[in-house]
Structure formats: C-alpha cells, structure tokens
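Here is the structure we will look at.
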Amino acid sequence: MFVWPISIYYEDTDAGGVVYHSNYLNFFERARTQWLKAMGIRQAQLLAEDIAFVVKHAEIDFQKAAKFEQDLLVESKVVELKKASLVFHQRLVDHQGDCYCEATVVVACISLSRMRPRAIPLNMVQEFDSAR
C-alpha cells in the first residue's frame, strides 16, 4: 500500500468549506502519480516512450465530508494486476483511520499514438506486484 498526505485547500472546497465532489478523484489521481514517482517512474518518460495510463472506470463512495484545512491521507493499493490494466482501491482517511471517501479505479495502459491497449512495462508490473 502507498500512503500520500494531502491538505485540503480553499480551492478544493465549495462555498461552505466542504470538498467539492469531483476533487476526491483529483486527490486519488495525484496519489497514483506520487506512487509512480516514489517508484522512480516519471510520466514524461512514459509519454516519450508512447506509454500512457488512462482511467477506464471509477466507482466512488462518498462517506463523510472532508473540509477546508484538514490534513488527510490517501491510501492506495493495487487489488488486480492484468497485462494491460490495474485496478486500484483508494481511500481518503484521517489520521485516526476514519474514511471520508473510497474508490475503485480501473486504469488502462495504452499506446498513446494508437490509442490502443498495450502491456504494462515489466518494471512497473514488478513494482506494483511487490507492493501487493
């Protein structure tokens, strides 16, 4: 599992100081990107190699409102690893473990120039597999 801390900024919230619903997906996206960085993988390099990752499907469950100036954690884990896709389970939690939002996100690996599925690079498969 990969854990990434976030702070809720004013720009993340609506007029009432509550996180706007679509921003939870942004938090989850940022955590997946930070996980790649932690593995030494840069998305700019992947793009140069004609490799991109795109969200194919997302299911999100809002459980508790996150609010302005909270410090929270995004927990991310790979629950399924296929040849050309990954299924992530992600949760936004506080430091006591209370869950604010959770999602299952299916991410597909594609050849960007052809917009077709392609195999996930072996080094990434090994990294994600060892984190399970």
Side-chain angles (χ1 to χ4, degrees):
M1 178 172 8
F2 178 77
V3 178
W4 183 62
I6 64 156
S7 294
I8 305 299
Y9 297 106
Y10 187 75
E11 69 186 27
D12 299 321
T13 65
D14 60 17
V18 174
V19 170
Y20 187 71
H21 70 279
S22 65
N23 285 330
Y24 291 94
L25 290 171
N26 293 335
F27 301 153
F28 294 152
E29 176 76 28
R30 290 177 198 152
R32 292 191 306 271
T33 298
Q34 292 299 321
W35 195 355
L36 289 177
K37 281 184 169 182
M39 289 191 285
I41 298 167
R42 298 288 188 250
Q43 288 185 334
Q45 181 62 39
L46 293 174
L47 293 173
E49 296 172 12
D50 194 39
I51 301 168
F53 287 88
V54 296
V55 173
K56 182 177 184 236
H57 179 81
E59 286 183 30
I60 191 164
D61 183 18
F62 303 100
Q63 299 177 8
K64 187 175 177 179
K67 297 180 182 171
F68 177 53
E69 292 190 334
Q70 276 188 288
D71 292 318
L72 301 170
L73 303 167
V74 177
E75 299 175 341
S76 304
K77 65 180 177 178
V78 173
V79 294
E80 192 173 347
L81 181 59
K82 294 183 178 179
K83 183 177 179 181
S85 67
L86 299 143
V87 179
F88 290 90
H89 183 254
Q90 295 183 274
R91 295 178 357 119
L92 182 66
V93 299
D94 62 21
H95 291 274
Q96 291 73 43
D98 291 333
C99 185
Y100 288 73
C101 181
E102 65 183 320
T104 300
V105 182
V106 179
V107 177
C109 184
I110 64 167
S111 162
L112 192 56
S113 64
R114 297 179 332 132
M115 296 302 286
R116 304 283 302 155
R118 60 148 293 154
I120 298 169
L122 184 57
N123 65 319
M124 292 181 71
V125 170
Q126 292 169 337
E127 288 282 350
F128 282 122
D129 204 30
S130 69
R132 294 190 331 157

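Note that the structure is predicted; figures quoted are calculated from it, not measured.
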Nearest 0.5 angstrom please: [X] [atom1] to [Y] [atom2], how far?
X	Y	atom1	atom2	value
L25	R30	CG	CZ	11.0 Å
C99	L92	SG	CG	7.0 Å
E75	F2	CD	CZ	12.0 Å
L72	Y24	CG	OH	8.5 Å
L36	R42	CG	CZ	9.5 Å
I8	K67	CD1	NZ	12.0 Å

(message) Under a 3.5 Å distance rule, please check whether D50 uses its side chain to pair with a backbone N or O of L112 as donor and acceptor.
(response) yes

(request) State which residue, out of R32, E29, E102, fulfils the side chain to side chain donor-acceptor pair (under 3.5 Å) condition with Q90. (result) R32

(request) Before accepting this row, confirm whether a basic side-chain N of the pair K82/E80 lies closer than 4.0 Å to the acidic partner's carboxylate O. (result) yes

(message) Restricting to ring pair (Phe, Tyr, Trp, His ring centres under 6.0 Å), what partner residues turn up for Y100, sequence neighbours left out?
(response) none

(request) With sequence neighbours excluded, give me every ring-ring contact (aromatic ring centres under 6.0 Å, His included) pair touching residues 104-130. (result) W35-F128, F88-F128

(request) Could you tell me whether the side chain of F53 reaches within less than 4.5 Å of the side chain of M124, counting heavy atoms only? (result) yes

